[in-house]
Q: 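Structure below; questions to follow.
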Amino acid sequence: MDYIKQKLIDVAIPKANKVRELVKEHGDKVIQEVTMGQVLTGMKGVVGLMTCTSKLDPEEGIRFRGYSIPELKEKLPKMHDDGEPLPEGVFYLMLTGEIPSDDDVKYISEQWALRAQGIPTHVYDVIEALPKDAHPMIQFNTAILAMSTESQFRKAYLVGMDKKDYWDPTYEGVMDLIARLPIIAAYIYRRVFHQGRHIQADPSLDWAGNLAHMMGHDSEELRRLMRLYMLIHSDHEGGNVSAHATHLVGSALSNPYYSFAAGMNGLAGPLHGMANQDVMHWLNKLKREIGSEDPSEEQIKAYAEDTIRKGRVIPGYGHAVLRKTDPRFQVQLDFANKYIPDAPYIKLVNRIYNVVPGVLTATGKVKNPWPNVDAISGSLLTSYGIAEYPIYTVLFGVSRALGVLTQLIWDRLYGLPIERPKSQNLQWFIDQVD
Ligand code: HAX
């Protein structure tokens with residue numbers, strides 16, 4: 001047996017027993033009061049999910065199994081001493097709760113390279129049936145669903161299996177899906193932006209390095225950026241739209257492909273992952289309308305105020321949970337300041353950072369005026385030569401698979417049931433007040 005599976009069984013059985021015990025012995029315990037305001041504003045702060053892969057603190061930002069991003073940079077295995085951690089490592093950490101050894105990470109890299117080889121040809125046919133100008137997220141999500149013909153979960157379910165074994169074919173499907181996503185993402189990128197001149201995978205490369213390679217970028221600098229990108233976008237607790245949608249659909253025992261496609265449909269919204277391309281759209285429009293490649297802070301401030309006046313959002317700023325600058329923004333800014341401090345887009349990002357929080361604070365309603373992960377990720381990619389920004393949300397999605405699909409395995413290890421919150425109509429809410 002795959003040694004990671006054995007490890008999972010050892011770690012998960014006591015925890016799954018604990019979940020059952022909590023429900024049985026303490027099911028009546030009141031853990032939180034919920035206000036009408038919370039329900040009517042997106043259930044912010046309502047504890048309604050159990051997630052083990054990561055935890056988000058409003059002030060401090062994300063921790064993966066207890067480790068902050070700076071701690072991950074220090075502790076996770078790297079390809080080179082001065083490089084970024086390999087995303088394989090954060091996957092292992094989220095899955096098992098332990099920091100992996102170099103060998104663990106190498107094992108996952110090899111597993112994924114092996115599993116990446118089995119994409120059926122109909123998946124490419126389905127992508128090719130879509131117009132080239134269909135948004136890359138449409139192509140990505142369609143391909144994920146097309147790949148679900150390979151789902152081991154559905155086959156095993158039909159044969160018949162014990163509930164406590166659901167996690168096993170889920171694990172197999174998750175490993176296959178994660179292995180194959182970079183190939184699909186690179187295929188769509190080359191199809192849409194490089195006249196369909198595709199580049200074969202190089203199984204000797206790591207998962208993120210291979211993605212950069214298949215997109216057409218073989219410099220060590222770009223591989224390093226891709227590893228960082230894949231690390232920091234991988235998870236953000238359980239309540240964000242992509243994580244929650246994956247979990248919700250998975251709770252109906254939909255296979256990992258259906259579940260993940262649901263999450264990706266959510267990621268494609270402009271208030272979530274699509275914000276990373278909208279930032280570039282906003283920023284390029286700003287330069288065009290101001291008529292300068294190097295706008296001043298005064299000009300940026302006036303443009304941002306105009307965006308607010310027109311009733312639009314400034315993409316890349318604000319957050320539903322965070323109340324400080326997103327550490328995922330900070331780590332990218334540090335990376336940019338270290339390697340490409342003079343890149344025009346990075347200078348622009350810095351100037352925007354100097355003025356936009358003030359503009360948002362002045363509205364008197366924005367709860368978090370600080371930048372989130374999306375405020376800089378596109379400027380970094382553009383500065384390194386991946387300037388075709390409609391692909392950015394796809395890259396985000398490839399990374400997000402690591403967290404949400406790991407959690408799906410854990411949902412099944414815990415034996416979590418189908419999710420079914422209660423809803424009420426408007427009159428019911430009015431009656432509560434009357
Ligand atoms: N620009 C303009 N207005 C903003 C704003 C922004 N960046 N952020 C919040 N607001 C507004 C809201 O639209 C809301 O206005 P109304 O009361 O008129 O409806 C008000 O401020 C209060 O909102 P909030 O409580 O501070 O924020 P929410 O929790 O409702 O929303 C969002 C959080 C991230 C959706 C929001 O900040 C936003 O729209 N930001 C811009 C889009 C963005 O960057 N999204 C990516 C977020 C991170 C992520 O998921 N990445 O994938």
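All of these numbers come straight from a predicted model, not from anything done at the bench. Every number for a ligand or one of its atoms is a count from 1 in the order of the listing.
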Q: Can you confirm whether some protein heavy atom lies under 4.0 Å from atom 12 (C) of ligand 1, or whether none does?
A: no

Q: Which protein heavy atom lies closest to atom 36 (C) of ligand 1, and at what distance to 0.1 Å?
A: Tyr317 O, 4.4 Å

Q: Under 4.0 Å from any heavy atom of Gly316, which atoms of ligand 1 are there?
A: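 Listed by number with element, the hits are 43 (C), 44 (O).
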
Q: Distance to 0.1 Å, residue and atom name: give those for the protein heavy atom nearest to atom 27 (O) of ligand 1.
A: His319 O, 4.5 Å

Q: Less than 3.5 Å apart, any donor N or O on the side chain of Tyr384 or Glu221 sitting next to an acceptor on the other?
A: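 The criterion, which ignores hydrogens and geometry beyond distance, is not satisfied for Glu221 and Tyr384.
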
Q: Can you tell which part of Ile308 has a heavy atom less than 4.0 Å from ligand 1: side chain, backbone, both or neither?
A: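 Looking at Ile308 and ligand 1, just side chain atoms fall under 4.0 Å.
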
Q: Going by atom types alone, do Glu237 and Thr51 pair a side-chain donor with an acceptor below 3.5 Å?
A: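 No pair is found: no donor N or O on one side chain lies under 3.5 Å from an acceptor on the other.
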
Q: Quick one: does ligand 1 sit under 4.0 Å from the side chain of Val241, the backbone, both or neither, non-hydrogen atoms only?
A: neither

Q: Could you check whether atom 40 (N) of ligand 1 has a protein contact, counting only heavy atoms that fall below 4.0 angstrom?
A: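 Looking at atom 40 (N) of ligand 1, one finds that a protein heavy atom does lie closer than 4.0 Å.
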
Q: Distance below 4.0 Å between atom 23 (O) of ligand 1 and any protein heavy atom?
A: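 So far as the 4.0 Å threshold goes, atom 23 (O) of ligand 1 is out of reach of every protein heavy atom.
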
Q: Under 3.5 Å, is there a donor-acceptor pair between the His213 and Asp202 side chains?
A: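 Per modelled atom types, His213 and Asp202 side chains form no pair under 3.5 Å.
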
Q: Establish, for the pair Lys73 and Phe64, whether the NZ or CZ atom is under 6.0 angstrom from the six-membered ring centre and no further than 45 degrees off its axis.
A: no

Q: Could you find the nearest protein heavy atom to atom 50 (O) of ligand 1 and give me its residue, atom name and distance?
A: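 Scanning the protein heavy atoms, the shortest distance from atom 50 (O) of ligand 1 goes to His272 ND1, 2.9 Å.
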
Q: Any side-chain donor paired with an acceptor under 3.5 Å for Arg312 and Thr307?
A: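 No, no side-chain donor-acceptor contact under 3.5 Å.
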
Q: Which residue and atom name correspond to the protein heavy atom nearest atom 8 (N) of ligand 1, and how close is it?
A: Val366 CG1, 3.8 Å

Q: Is there at least one pair of N or O atoms, one from Ile314 and one from ligand 1, spaced under 3.5 Å apart?
A: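 In this structure, Ile314 places an N or O atom under 3.5 Å from an N or O of ligand 1.
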
Q: Relative to Trp370, does Arg328 satisfy both conditions: NZ or CZ under 6.0 angstrom from the six-membered ring centre, and within 45 degrees of the ring's axis?
A: no

Q: Look at ligand 1 and say whether Lys44 reaches it with a heavy atom at a distance under 4.0 Å.
A: yes

Q: Is the positively charged end of Arg154 above the ring of Tyr258, judged by distance under 6.0 angstrom from the centroid and angle within 45° of the axis?
A: no

Q: Using a 3.5 Å cut-off on N or O atoms only, is Leu360 in polar contact with ligand 1?
A: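 No; the residue has no nitrogen or oxygen that sits under 3.5 Å from a nitrogen or oxygen of the ligand.
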
Q: Check each heavy atom of Val313 against ligand 1 and say whether those closer than 4.0 Å belong to the side chain, the backbone, both or neither.
A: both

Q: Would you check if there is a donor-acceptor pair between the side chains of Asp235 and Thr53 at a distance under 3.5 Å?
A: yes

Q: Under 4.0 angstrom from atom 48 (C) of ligand 1, is there any protein heavy atom?
A: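 Given the 4.0 Å cut-off, atom 48 (C) of ligand 1 counts as touching protein heavy atoms.
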
Q: Checking a contact table here: which protein heavy atom is nearest atom 43 (C) of ligand 1, and how many Å away?
A: Ala275 CB, 3.6 Å

Q: Using a 4.0 Å cutoff against the non-hydrogen atoms of Phe396, which atoms of ligand 1 qualify?
A: 52 (O)

Q: Cut-off 3.5 Å, side chains only: do Thr382 and Tyr392 have a donor facing an acceptor?
A: yes

Q: Return the closest protein heavy atom for atom 25 (O) of ligand 1 as residue, atom name and distance.
A: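 Protein heavy atom with the smallest distance to atom 25 (O) of ligand 1: Lys367 NZ, 2.8 Å.
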
Q: Under 6.0 Å between the ring centres of Phe91 and Trp207?
A: no

Q: What atoms in ligand 1 come closer than 4.0 Å to a heavy atom of Gly273?
A: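 Every atom of ligand 1 under 4.0 Å from some heavy atom of Gly273: 52 (O).
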
Q: Just to confirm my output: which protein heavy-atom neighbour is closest to atom 35 (C) of ligand 1, and how far is it?
A: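 Here the closest protein heavy atom is Leu271 CB, 3.9 Å.
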
Q: Looking at Asn276 and Gly273, what are the two nearest heavy atoms and their distance?
A: OD1-O, 2.9 Å

Q: If every non-hydrogen atom of Val90 is compared with every non-hydrogen atom of Leu76, which pair is closest and at what distance?
A: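 Looking at all heavy atoms of both residues, the closest pair is N-CD1, 3.7 Å.
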
Q: Looking only at distances, please establish whether an N/O atom of ligand 1 is found under 3.5 Å from an N/O atom of Lys365.
A: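 Looking only at distances, the answer is yes, because the N/O contact criterion of under 3.5 Å is met.
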
Q: Around atom CE of Met79, are there more than 12 heavy atoms from other residues, nucleotides or ligands closer than 6.0 Å?
A: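 Counting neighbours around CE of Met79, more than 12 heavy atoms of other residues, nucleotides or ligands fall under 6.0 Å, so yes.
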
Q: Which bit of Asp374 gets closer than 4.0 Å to ligand 1, counting heavy atoms only: side chain, backbone, both or neither?
A: side chain

